[in-house]
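Side chains included, hydrogens not; waters and symmetry mates left out as well; all remaining heavy atoms used.
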Amino acid sequence: MARGGGVEATKFINMSTYRKIQAKELGNNFRAVTEIVEVSLDGLLSKMQPDSIVTKNHYVAINASDVNFTNGKYTPDVKPPFDVGFEALGEIVAVGSKVPESKVGSYVAIMQYGAFSEYTLTKFSLAIPVPDLKPEYLGLISSGLTASIGLREPGRMTSGETVLVTAAAGGAGQIAVQLAKLAGNHVIGTCSSDEKVEMLKSMGCDRVINYKKEDFAKVLRKEYPRGVDIVFESVGGDFFKTCLRNLAPKGRLLVIGTVSTYNSEKGIQGDKVDTLQLLSTSRTISGFFMPAYASHFQQHMKEMVEALASGKLVVQVDDGGLCGLEEVAFGVENLLQGKNMGKVVIPLFKSRSRL
């Protein structure tokens, strides 16, 4: 049993160091600006508070916005080096004095800055309990919460509407498609390959547009002349312009990202809006940044976990044949190049090699 500094641990790894990914400089080229560092495990334990836990992470999840974080866009005053990554799934291996020792050995999902690490220190109250180590749970955190809260709150989704989801085969897109269908809506999804078309059809998407083979704008004008009621938009650029032009009167366009700009020289950029397009049709454009909706996390997560358990919701994960912190950069690149199908989740300790 390891004790000290208010720590109670009944299950701990016999090692003195662990590894994590840090940004050594600012920039949106994840591979170039990050490195794996080895640090003291005792140093992590010494920072524990009575309400703290330490987790051994078995999986980490990739998000397109990982490169915005390394570029300092979310924390403008940050100075390198700093820890990176947003999501991890692991096992509690140490607890503070105010956390029951019985929690050691249980599983939690973590959503916090610095999650690309073999071990994570966090507050017990912020950890999300899960029954096991299924990587699908990571698809419910930032991606799932973005889809669920975004559609329901700023999107004001009801039933009997037409919902358009761009990048629909991605981590957030796949959840948005399914939640819109479960709410009783007609759903359109965009993607970039025939394999993704089949994936989305299997999830109930009514009209899938492979924009590599079909003209996105022409399909919308021809098949949906009235326009669409809700757009769940993450691409930006020409996609954003097309979505806005095809938004129905009183329609809601929800911007969750502008991923087409993340790899640009200047990094993440926004789109210009002609306000007359809004005024004349009572359309709404809403930005969505998940931390602003923290009070909604618990209820939406509970609903999605129940839907996953009952089979009403499916989370497709894609590890790309990757494993370990040294291959996280490949996962980031695969996502930004649109190679993934579903949520990109990378195991840290499974013995695998990159295909």
| note | dist Tyr262:OH -> Ile268:CD1 (nearest 0.5 Å) comes out at 4.0 Å
| query | Between Lys213 and Asp194, is a salt bridge (charged side-chain N to carboxylate O under 4.0 Å, His left out) present by the stated rule, with each step listed? | reply | CA-CA 9 Å; Lys213 291 186 173 181; Asp194 290 339; 2.6 Å; yes
| field | Thr158 side, atom OG1; Asp229 side, atom CG - distance, nearest 0.5 Å | value | 7.5 Å
| remark: Glu153 meets the side-chain hydrogen bond (donor to acceptor under 3.5 Å, both in side chains) criterion, sequence neighbours left out, with none
| message | Can you tell me if Lys339 has over 12 outside heavy atoms packed within less than 6.0 Å of its NZ? | response | no
| query | Can you get from Val305 to Leu182 by hopping between Ile, Leu, Val, Met, Phe, Trp and Tyr side chains that sit under 4.5 Å apart? | reply | yes
| query | Do Glu101 side-chain atoms and Val104 backbone N/O form a donor-acceptor pair below 3.5 Å? | reply | no
| query | Is Met203 reachable from Ile175 through a run of I, L, V, M, F, W or Y residues, each pair having side-chain heavy atoms under 4.5 Å apart? | reply | no
| task | Flag the pair Leu308 / Val314 as yes when at least one side-chain heavy-atom distance between them is below 4.5 Å, and no otherwise. | result | no
| field | Verdict with reasoning, Leu200 to Val187, per side-chain contact (heavy atoms from CB on, under 4.5 Å) | value | CA-CA 10 Å; Leu200 291 170; Val187 182; over 6 Å; no
| field | Among Thr70, Asp83, Thr34, side-chain hydrogen bond (donor to acceptor under 3.5 Å, both in side chains) partner for Gln22 | value | Asp83
| task | Find out whether Leu348 and Tyr59 are in side-chain contact, i.e. whether some heavy atom of one side chain is under 4.5 Å from a heavy atom of the other. | result | no
| message | If I compare all heavy atoms of Phe86 with all of Ser65, which pair ends up nearest, and what's the gap? | response | CE1-OG, 3.3 Å
| remark: Heavy-atom nearest pair, Ile256 first then Ala172, reads CD1-CB, 4.2 Å
| What residue pairs, at least two apart or across chains, pass salt bridge (Lys or Arg N to Asp or Glu O under 4.0 Å) with a residue in residues 102-125? | Arg19-Glu118
| request: Starting from the C-alpha separation in whole Å, work towards a yes-or-no answer on side-chain hydrogen bond (donor to acceptor under 3.5 Å, both in side chains) for Asn28 and Asn68. | output: CA-CA 6 Å; Asn28 63 355; Asn68 296 329; over 6 Å; no
| Quiz item: cation-pi between Arg31 and Phe330, 6.0 Å / 45° | yes
| request: Report yes or no: do Met199 and Val345 belong to one cluster of Ile/Leu/Val/Met/Phe/Trp/Tyr joined by side chain heavy-atom distances under 4.5 Å? | output: no
| note | The reported gap from CG in Leu45 to OH in Tyr119 (rounded to nearest 0.5 angstrom) is 10.0 Å
| said: Test side-chain contact (heavy atoms from CB on, under 4.5 Å) on Val130 and Val108; report intermediate values, then the result. | reply: CA-CA 5 Å; Val130 294; Val108 292; 5.5 Å; no
| query | Just by modelled atom types, is the Gly72 backbone N or O under 3.5 Å from a matching donor or acceptor in the Thr75 side chain? | reply | no
| field | Residue pairs passing the side chain to side chain donor-acceptor pair (under 3.5 Å) test where at least one lies in residues 171-189, sequence neighbours excluded | value | Lys181-Asp206, His186-Tyr224
| message | Within the 4.5 Å heavy-atom criterion, are Leu121 and Ser52 side-chain neighbours or not? | response | yes
| field | Check against side-chain contact (heavy atoms from CB on, under 4.5 Å), His58 and Leu89 | value | CA-CA 6 Å; His58 290 254; Leu89 179 68; 5.9 Å; no
| task | May I ask you to check whether Phe69 and Phe82 place their ring centers less than 6.0 Å from one another? | result | yes
| said: Please determine whether a side-chain nitrogen of the Lys or Arg among Lys98 and Asp51 lies less than 4.0 Å from a carboxylate oxygen of the Asp or Glu. | reply: no
| Do Val60 and Tyr113 sit in the same hydrophobic cluster, where Ile, Leu, Val, Met, Phe, Trp and Tyr count as joined when their side-chain heavy atoms come under 4.5 Å apart? | yes
| Would Glu333 and Gln337 count as a side-chain hydrogen bond (donor to acceptor under 3.5 Å, both in side chains) if you check the C-alpha gap in whole Å, the side-chain angles of each, and the deciding distance to 0.1 Å? | CA-CA 6 Å; Glu333 291 162 355; Gln337 293 167 15; 5.3 Å; no
Pairs of donor and acceptor atoms involving the side chains of residues 238-250, under 3.5 Å and at least two apart or interchain, shall be tabulated with distances.
unit_1, atom_1, unit_2, atom_2, d
Thr242, OG1, Asp238, O, 3.1
Asn246, ND2, Thr242, O, 2.8

| task | Check the pair Met304 / Gln299 against side-chain contact (heavy atoms from CB on, under 4.5 Å), numbers first and verdict last. | result | CA-CA 9 Å; Met304 287 189 293; Gln299 181 60 35; over 6 Å; no
| Ser260 side chain to Val235 main-chain N or O, any donor-acceptor pair under 3.5 Å? | yes
| query | Would a 4.5 Å heavy-atom cut-off, applied to side chains only, mark Ile21 and Glu35 as touching? | reply | no
| Is any side-chain heavy atom of Thr190 less than 4.5 Å from a side-chain heavy atom of Val165? | no
Kindly list each side-chain donor-acceptor pair under 3.5 angstrom involving residues 140-149, sequence neighbours excluded, with atom names and distances?
unit_1, atom_1, unit_2, atom_2, d
Ser142, OG, Asn63, OD1, 3.0
Ser142, OG, Glu87, OE1, 3.1
Ser142, OG, Glu87, OE2, 2.9
Ser143, OG, Lys343, NZ, 2.9
Thr146, OG1, Ser142, O, 2.6
Ser148, OG, His300, ND1, 2.5

| said: Determine whether Phe289 and Tyr74 satisfy the following criterion, ring-ring contact (aromatic ring centres under 6.0 Å, His included), listing intermediate values before the conclusion. | reply: CA-CA 10 Å; Phe289 189 53; Tyr74 292 163; 5.5 Å; yes
| So which heavy atom on Ala61 is nearest to which on Phe116, and how close? | O-CE2, 3.3 Å
| message | Please give me the minimum heavy-atom distance between Tyr211 and Ser192, naming the atom from each residue. | response | OH-CB, 3.4 Å
| field | Nearest atoms (heavy-atom pairs only) where Pro154 meets Phe288 | value | CG-CD1, 3.9 Å
| request: For Arg252 and Arg156, indicate whether the former's side chain and the latter's backbone hold a donor-acceptor pair under 3.5 Å. | output: yes
| task | Using the side-chain hydrogen bond (donor to acceptor under 3.5 Å, both in side chains) rule, take Asn57 and Thr55 through it: C-alpha gap first, then chi angles, then the decisive distance, then the call. | result | CA-CA 6 Å; Asn57 297 325; Thr55 62; 2.9 Å; yes
| task | Work out which heavy atom in Ser234 is nearest to a heavy atom in Ala167; give both atom names and the distance. | result | OG-CB, 3.5 Å
| task | Evaluate the side-chain proximity of Lys56 to Tyr18: yes if any heavy-atom separation is below 4.5 Å, no if none is. | result | no
| request: Could you tell me whether a side-chain N or O of Asn71 sits under 3.5 Å from a main-chain N or O of Lys73, the two making a donor and an acceptor? | output: no
| message | Are Ile285 and Leu278 packed together at the side-chain level, in the sense that at least one heavy-atom pair is separated by less than 4.5 angstrom? | response | yes
| message | Side chains of Lys201 and Val197, heavy atoms from C-beta outward: is any pair under 4.5 Å? | response | yes
| Does a side chain donor of either Thr261 or Thr258 reach within less than 3.5 Å of an acceptor in the other side chain? | yes
| message | Listing request: all side chain to side chain donor-acceptor pair (under 3.5 Å) pairs with a residue in residues 267-280, at least two apart in sequence or in separate chains. | response | Ser264-Gln269
| query | Are Ile346 and Phe349 joined in one hydrophobic group, where the rule is that I, L, V, M, F, W and Y side chains link up if heavy atoms are under 4.5 Å apart? | reply | yes
| said: I'd like to know if Glu214 pairs up with Arg207 as an ion pair, taking the criterion as any Lys NZ or Arg NE/NH1/NH2 lying under 4.0 Å from an Asp or Glu carboxylate oxygen. | reply: yes
